[in-house]
Amino acid sequence: QVTVMESGGGSVQVGGSLTLSCQHSIGVHGTYYMAWFRQAPGKEREAVAAIFYTATGGEYYAGSVKGRFTIARDKASDNLLYLQMSRLKPEDTAMYYCAQGTRAYGANWDDSRKYNYWGQGTQVTVSS
């Protein structure tokens with residue numbers, strides 16, 4: 001059974017930092033892409049960041065988080081992904097989802113169809 005599980009969410013004050021973790025049962029060698037999405041109440045789900053394990057590689061960020069968030073894999077584990085968030089703002093409040101793509105899919109990095117396995121989400125709340 002394929003599993004994707006987020007952890008690390010919580011409440012933080014404006015300007016603070018938080019690191020989300022994503023444990024995924026299919027390791028990086030069976031993965032093309034991984035990403036973090038978020039969804040705030042009343043809003044559509046949006047892509048936050050992605051990392052490609054393809055030959056071209058690369059990391060991708062939404063404009064709203066670029067320079068504040070970092071997506072990274074754990075160098076000691078093939079099954080762990082992080083989202084390091086700093087200088088958090090109230091508008092970063094959302095449910096954050098980890099997503100995994102295990103087959104090639106020709107869409108932009110922020111297209112949810114690119115990812116075929118999803119976690120249940122972890123809540124991040126930023127308050128002033």
Side-chain angles (χ1 to χ4, degrees):
Q1 182 182 356
V2 177
T3 58
V4 177
M5 186 177 299
E6 307 91 343
S7 62
S11 296
V12 63
Q13 291 195 321
V14 169
S17 301
L18 206 58
T19 296
L20 305 183
S21 300
C22 174
Q23 186 84 33
H24 47 97
S25 60
I26 296 178
V28 298
H29 300 294
T31 301
Y32 282 77
Y33 340 95
M34 293 212 65
W36 289 93
F37 285 72
R38 68 185 181 187
Q39 187 167 20
K43 294 189 176 181
E44 291 190 357
R45 182 172 56 187
E46 63 172 350
V48 175
I51 184 168
F52 282 21
Y53 297 133
T54 56
T56 53
E59 296 165 11
Y60 304 86
Y61 296 93
S64 60
V65 306
K66 202 167 188 177
R68 301 189 298 122
F69 290 14
T70 301
I71 188 170
R73 60 164 289 193
D74 188 304
K75 295 200 170 31
S77 171
D78 288 341
N79 302 86
L80 200 53
L81 178 76
Y82 300 111
L83 182 68
Q84 299 164 325
M85 306 184 291
S86 62
R87 290 183 279 145
L88 284 161
K89 304 175 181 180
E91 50 264 43
D92 294 319
T93 295
M95 185 71 79
Y96 282 72
Y97 298 92
C98 181
Q100 182 176 28
T102 60
R103 75 279 190 264
Y105 194 95
N108 290 339
W109 73 270
D110 56 355
D111 190 326
S112 62
R113 296 173 298 172
K114 206 168 182 72
Y115 308 93
N116 52 323
Y117 294 107
W118 293 76
Q120 296 296 308
T122 186
Q123 178 68 37
V124 173
T125 303
V126 184
S127 56
S128 55

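The basis for the numbers below is simple: all heavy atoms, side chains too, and nothing from hydrogens, waters or symmetry mates. These numbers were taken from a predicted model, which means no experiment stands behind them.
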Open item on the list: With side-chain contact (heavy atoms from CB on, under 4.5 Å) as the criterion, how do Asp92 and Arg68 come out once you've worked through the C-alpha distance, each side chain's angles and the decisive distance to 0.1 Å?
Closed with: CA-CA 11 Å; Asp92 294 319; Arg68 301 189 298 122; 2.8 Å; yes

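Two rings, from Tyr105 and Tyr33, have their centers 6.0 Å or more apart.
Under a hydrophobic clustering in which Ile, Leu, Val, Met, Phe, Trp and Tyr are joined whenever their side-chain heavy atoms come within less than 4.5 Å, directly or via other members, Phe69 and Tyr60 fall into different clusters. No continuous path of hydrophobic side-chain contacts links Trp36 to Tyr82 [ILVMFWY only; heavy atoms under 4.5 Å]. Connection of Leu80 to Tyr96 is not established within any shared hydrophobic cluster, with ILVMFWY side chains joined at heavy-atom distances below 4.5 Å, either directly or through further cluster members. By the rule that hydrophobic residues join a cluster once side-chain heavy atoms approach within less than 4.5 Å of another member, Val28 and Trp109 end up as members of separate clusters. Phe37 and Val2 sit in two unconnected hydrophobic clusters of ILVMFWY residues. Membership requires side-chain heavy atoms under 4.5 Å apart, directly or through other members.
Phe52 contributes atom CZ, which lies 4.5 Å from atom NZ of Lys114 (distance to the nearest 0.5 angstrom). Note that CD of Gln39 and CD of Gln123 are 11.0 Å apart. Values are rounded to the nearest 0.5 Å. In this structure, CZ on Arg38 lies 9.0 Å from CG on Leu83, to the nearest 0.5 angstrom. Here the straight-line distance linking atom CD of Gln84 with atom CD1 of Ile71 works out to 10.0 Å at 0.5 Å rounding. Rounding to the nearest 0.5 Å places CE of Met85 at 7.0 Å from OG1 of Thr19.
Residues Val4 and Cys22 meet the side-chain proximity criterion, which asks for heavy atoms closer than 4.5 Å. A 4.5 Å side-chain heavy-atom check between Val126 and Glu91 finds every atom pair outside the cut-off. No side-chain heavy atom of Glu6 sits under 4.5 Å from any side-chain heavy atom of Leu20. Here the side chains of Gln120 and Met5 are not in contact, with every heavy-atom distance at 4.5 Å or above. Here the side chains of Cys98 and Met34 are in contact, with some heavy-atom distance below 4.5 Å. Within the 4.5 Å cutoff, no side-chain heavy atoms of Val12 are placed close to those of Ser17. Ser112 places a side-chain heavy atom less than 4.5 Å from the side chain of Arg45.
Tyr97 and Gly119 get closest at one heavy-atom pair: CD2-O, 3.6 Å. The two residues Val65 and Val48 make their nearest non-hydrogen contact at CG2-O, 3.5 Å. Minimum interatomic distance between Ala94 and Ala40 (heavy atoms only, all atoms of both residues): CB-N, 3.8 Å. Minimum interatomic distance between Trp118 and Asn116 (heavy atoms only, all atoms of both residues): CD1-C, 4.2 Å. Between Asp110 and Ala47, the shortest heavy-atom distance links the atoms CB-CB, 3.4 Å. When every heavy atom of Tyr61 is checked against every heavy atom of Thr70, the shortest pair comes out as OH-CA, 3.4 Å.
Around CZ of Arg103, the count of heavy atoms belonging to other residues, nucleotides or ligands within 6.0 Å exceeds 12. For Gln13, the CD atom is loosely surrounded, since the number of other residues' heavy atoms within 6.0 Å does not exceed 12.
A donor-acceptor pair under 3.5 Å links the side-chain atoms of Asn79 to the main chain of Ser25, judged by distance alone.
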